[in-house]
Each structure stands twice: as structure tokens, then as C-alpha cells.
Amino acid sequence: MPELPEVEGVVRQIRPVAIGKKIEDVYISDTIRLSKTGGREAILKKVEADSFIDKVKGSQITSVERRSKYIYFGLRKDSEFLLVNHLGMSGAWFYVGSLMSIPEEKFRKHVHVVLTLNDGNILAYSDIRRFGEMRVLNDEGDYPPLLLMAPEPFDENALQHFLDMSESPKYRNKPIKEVIMDGQVISGAGNIYATEALFSMKIHPNRAAHRISRKRRTELFKAVVDILLESIEAGGSTISDYRNINGESGGMQNRFAMYGKKQCMTCGSVTKTLKIGGRTSVYCPTCQK
DNA sequence: CATTCGGCCCGGAGGC
DNA sequence: TGCCTCCGGGCCGAA
């Protein structure tokens, strides 16, 4: 499940091969078309398949940026607009000569959007679970949730934002893990990195936000930033479906101290799990208080 | 009016 | 082998 570090890795790889290229053709899978016909909105949100093609085909890619867990493709055709993509649970981009060059069958058989570039290669979007999203927007304002996202965690105002939000009426009584994973409080940290940061700080995931001192919350925020940076460095985490645009897995999963562990690496206790904010949360009952 | 909760978009994995 | 259940990021609408 791609979180900030995985999306950052993808963006860093797509940027040099995509910027300045023209999108000569666009393909949408029959599966997605069928979903739209059936009144559902798998992947393509608020836009019909043919309308999506009309808008994107013939445009030039002017920028590729990450914002939280979203990828923003800056496109230009007559005027500037955005193609915004969220990878959901299992979204992956592949930059290849043809679909047959996508390394694994499970990704090949779930390709739903293909952008043919004028360099002879394609950017193919595969999404096994179809939890991903694509939107065509004039700007961020066309999709208001984007405007509500917390600052980038590496921005200088992100810490203050986190401290303020975690003390606000809406969040102060919530479990700290749920607060960390809320994209309006911290951008880009999901289950994996929230779990790791809380373990490194020895904080119980169910502790109410306001029951942690400001000083400790400041340290916790820094722990989140550190784990995100470490993961970017390691090429992201591959649990099952994350791959970079060359089909390679990340390396961060080998450095987890708590996520997915049956036993605490520090004290040997059997770990416990709890449902927090609807997500499975693993923690050490001995180390985390 | 604000918060909470279930639904939605799904295939794959694991249990029986 | 085949069916059932669970899982999940994030938004949305109903309660």
C-alpha cells in the first residue's frame, strides 16, 4: 500500500522520463469502461472514459509532482490542467516499451490506463484492486479535499500544524494513531509509518492525542518525518503490491521494527493488534505505553 | 449542526 | 477445489 515514500519514489522516477513528452495516445481498459457503464466509478472519477481521453490525448507533460499520497501530472494542451492520480492500495506505474514488458503477470492483467508517449514508450497504470483514482482537474479547487490536506511533512509549518490539530476539539480525544494517519493532520503517513513511528517513540497507538505532552508530540512528529525519509532512501516498502516504475520492490519492509511483527524486537513480547480508526494496529504491550 | 458509521471502489489470501 | 470472509485509503452520504 503506497504511502508517501512509495509515491515519492514513483514521482522521482517518472519525472525525468515524462517531463517535456507529449501524450500521443490514451487507452482505457474495457473493465473500467464496463464499470462506468454499470454506474460505478472504478479509478476514473467524475469523468467518462472518452472524455478523459479527449482531454489528455495530445497534451504535453510539463510537471510531475507529489502532494501527500497523490501524483499531480501538470499537463498542457491549449491551457494548463492537472491529471491527479492516487495509487490506492495497489496502483503502480510502469515505464516500458510495451505492455508485454511489464514484469509480472498480476500487474499486466490489471492495466487500466495507458499513456503512449512520443518517445515510443508507454506509461502504463496497473491497479489490481482498483482502489486508485484518476481525475482531470483545472486546478486543485475542482476537488476540494485536496485543499484540506495537511502541509507536506517536510514543510517548516507542518510541525505547528500537527501540534495545533492534535490539540483541537476534533482530534484531542482521538487515538494518536488515528490522528497521525489523518491526511488533514499529517500528509502521507499511513498505517505502516504511523505504526513504526509510534513504536520508536514507545507510545501506545490508542493513547488519546491530548494525553501526550507537547514536547513528546513534537518528538513524535519528528519520528514520523525520520521514518518517511528513511523509507524514501530505502526505495519504499513493498508488502505485496508496491513496485517502482521498473517493476522493482522497495527495501524498507526489511527494516520494519513493528509493522507485521508477531514478536517485539526489543523485548521479545508477543505483539498485540487493535482496531483503531478501522485499521489494524500492531504494537508491543510492554514497550508502548 | 457535528461527529460517527457504513458503503463504495475490488482481487487476493487464508480458512474450512 | 470452491465458497466465504476479511482486508484496506480516503471520500461520501445517511443517521
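All chains are named by letter (A, B, ...) in the order of the sequence lines, taking the proteins before the strands, and each is independently numbered beginning at 1. The analysis underlying the following values was restricted to heavy atoms, covering all of them including side chains, and did not include hydrogens, waters or symmetry mates.
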* Asked: Under 30°, 30 to 60°, or over 60°: which ring-plane class applies to A:Tyr143 and A:Tyr70, parallel, tilted or perpendicular?
  -> perpendicular
* Residue whose closest nucleotide on DNA chain B lies nearer the 5' end, A:Arg40 versus A:Pro169 -> A:Pro169
* Structure fact -> Rounded to the nearest 0.5 Å, the CD1 atom of A:Ile245 sits from the CZ atom of A:Arg15 at a distance of 11.5 Å
* Do A:Ser281 and A:Lys177 get their side chains close enough for a donor-acceptor pair, meaning under 3.5 Å? -> yes
* Could you tell me whether the side chains of A:Glu140 and A:Tyr72 share a donor-acceptor contact shorter than 3.5 Å? => yes
Rounded to the nearest Å, what distance is computed from the [atom1] atom of residue [X] to the [atom2] atom of nucleotide [N]?
X	N	atom1	atom2	answer
A:Phe131	C:dG8	CZ	P	10 Å
A:Ile239	C:dC6	CD1	P	22 Å
A:Tyr70	C:dG10	OH	P	7 Å
A:His86	C:dC12	NE2	P	13 Å
A:Glu3	C:dG9	CD	P	7 Å
A:Lys69	C:dG8	NZ	C1'	10 Å

* Structure fact -> Note: chain A reaches DNA chain B at heavy-atom distances under 4.0 Å over the stretch, first to last nt, 5' to 3', of B:dT4 to B:dG12
* Asked: What does A:Tyr171 touch in the nucleic acid at a heavy-atom separation under 4.0 angstrom: a base, only the sugar-phosphate, or nothing?
  -> nothing
* Polar pair under 3.5 Å, donor/acceptor by atom type, side chain A:Arg129, base C:dG9 -> no
Just distance, no hydrogens or angles: give the donor-acceptor pairs under 3.5 Å from side chains in residues 220-231 of chain A, sequence neighbours left out.
from	atom 1	to	atom 2	distance (Å)
A:Glu230	OE2	A:Arg255	NH1	3.0
A:Ser231	OG	A:Tyr193	OH	2.7

* To do: Say whether A:Leu123 and A:Leu75 are linked into one hydrophobic cluster, either directly or through other cluster members, by side-chain heavy-atom distances under 4.5 angstrom.
  => yes
